[in-house]
Amino acid sequence: MKNRVRELRGARDWSQAALAGLLGVSRQTVNAIEVGRYDPSLPLAFRIARVFGLTIEEIFEDAGE
Amino acid sequence: MRPLTYLRDFTLGLLAYAAALFLSNHLLGGDGLDQPWRTAVALLPMLPACGICALVMHHVRRMDELQRRVQVEALALAFAGTALITFSYGFLEGSGFPRLSMFTVWPLMAALWVGALLLVGRRYA
């Protein structure tokens, strides 16, 4: 799933480790989400949205089926 | 659990296991032990081994969702691989291959688990 996590993280000048700390996950998980290799669970998606102050739809692009 | 804390506790567990194994072998090597004490002493290393298992479970429960997914996939691969290899060798024993100790199963599963972790981990990197 395409997302803007890397763009939003970069705009705030946060490292992957720093974002991982805010989300309570590992740096590897943040990287996997950013490169689209892993789609977060709903609770994690909500935490990501909360950290960036945006809605889930503003961060994650629904490719549609 | 922080990685260094986990590593420290895991190392202490291994040291306890090694010490229990050494003590067990030393006591069993003598003539002074009768049953049921011989059985109890033979199983002595399993006490710290149970502690190590509890530590690993605690660590797994604190993993994040992606780390757990990687572990589940890796364990599934290791489980299947161990089943295939041990059963294959069981059939080979029936055709004359030398019998192997039960001690060979866990190192096989551990090696497959480590290999599978590397393989599965790469899918998400």
Side-chain angles (χ1 to χ4, degrees), chain A, chain B residues 1-15 17 49-82 106-125:
Chain A
M1 184 182 285
K2 288 184 181 176
N3 62 77
R4 299 173 53 212
V5 174
R6 178 163 286 178
E7 169 200 330
L8 293 167
R9 178 176 61 80
R12 288 156 180 76
D13 207 24
W14 292 343
S15 65
Q16 285 186 336
L19 178 57
L22 290 172
L23 297 173
V25 298
S26 63
R27 190 201 61 78
Q28 288 79 8
T29 299
V30 168
N31 184 67
I33 293 171
E34 287 184 355
V35 299
R37 294 282 183 102
Y38 177 68
D39 295 333
S41 67
L42 198 54
L44 181 53
F46 271 111
R47 287 208 301 277
I48 293 171
R50 198 175 308 126
V51 158
F52 288 123
L54 299 169
T55 64
I56 290 179
E57 290 82 0
E58 288 173 313
I59 300 173
F60 294 93
E61 182 182 316
D62 180 16
E65 299 287 348
Chain B
M1 181 181 286
R2 295 168 59 110
L4 283 180
T5 305
Y6 172 70
L7 202 58
R8 181 203 67 194
D9 291 347
F10 192 82
T11 303
L12 287 174
L14 284 179
L15 288 173
Y17 174 80
C50 288
I52 292 173
C53 286
L55 178 69
V56 171
M57 283 309 304
H58 179 68
H59 182 63
V60 168
R61 286 196 179 112
R62 293 186 62 106
M63 285 181 177
D64 70 29
E65 53 190 63
L66 177 57
Q67 291 169 325
R68 282 197 187 192
R69 176 184 283 196
V70 169
Q71 285 292 340
V72 167
E73 291 185 26
L75 283 169
L77 279 173
F79 182 87
T82 301
W106 162 239
L108 170 67
M109 182 176 267
L112 290 175
W113 183 16
V114 170
L117 277 174
L118 294 172
L119 202 67
V120 173
R122 285 179 60 180
R123 283 180 49 201
Y124 298 99

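In what follows, chains are A, B, ... by sequence order, proteins preceding strands, each numbered from 1. Not measured: the values here are computed from a predicted model.
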Which residues satisfy the side chain to side chain donor-acceptor pair (under 3.5 Å) test with A:Ser15, sequence neighbours excluded? none
A:Glu57: what forms a side chain to side chain donor-acceptor pair (under 3.5 Å) with it, not counting sequence neighbours? none
Contacts of type salt bridge (charged side-chain N to carboxylate O under 4.0 Å, His left out), residue A:Arg4, not counting sequence neighbours: A:Glu7
With a 4.5 angstrom heavy-atom cut-off, which part of A:Pro40 approaches chain B: side chain, backbone, both or neither? both
Looking only at N and O atoms, which donor-acceptor pairs between chain A and chain B are within less than 3.5 angstrom?
unit_1	atom_1	unit_2	atom_2	d
A:Ser26	N	B:Asp64	OD2	2.7
A:Ser26	OG	B:Asp64	OD2	2.9
A:Thr29	OG1	B:Asp64	OD1	3.1
A:Thr29	OG1	B:Asp64	OD2	2.7
A:Arg37	NH1	B:Arg123	O	3.0
A:Arg37	NH1	B:Ala125	O	3.2
A:Tyr38	OH	B:Glu65	OE2	2.7
A:Ser41	N	B:Glu65	OE2	2.8
A:Ser41	OG	B:Glu65	OE1	2.7
A:Ser41	OG	B:Glu65	OE2	3.3

Given the rule in the side-chain contact (heavy atoms from CB on, under 4.5 Å) test, do A:Leu19 and A:Val5 qualify, once you have shown the distances and angles that lead to the verdict? CA-CA 10 Å; A:Leu19 178 57; A:Val5 174; 3.8 Å; yes
Please determine whether side-chain contact (heavy atoms from CB on, under 4.5 Å) holds for the pair B:Leu108 and B:Leu112, giving the CA-CA distance in whole Å, both sets of side-chain angles, and the decisive distance to 0.1 Å. CA-CA 6 Å; B:Leu108 170 67; B:Leu112 290 175; 4.2 Å; yes
Start with the C-alpha distance between A:Trp14 and A:Leu8, add both sets of side-chain angles, then the distance that settles side-chain contact (heavy atoms from CB on, under 4.5 Å), and finish with yes or no. CA-CA 9 Å; A:Trp14 292 343; A:Leu8 293 167; over 6 Å; no
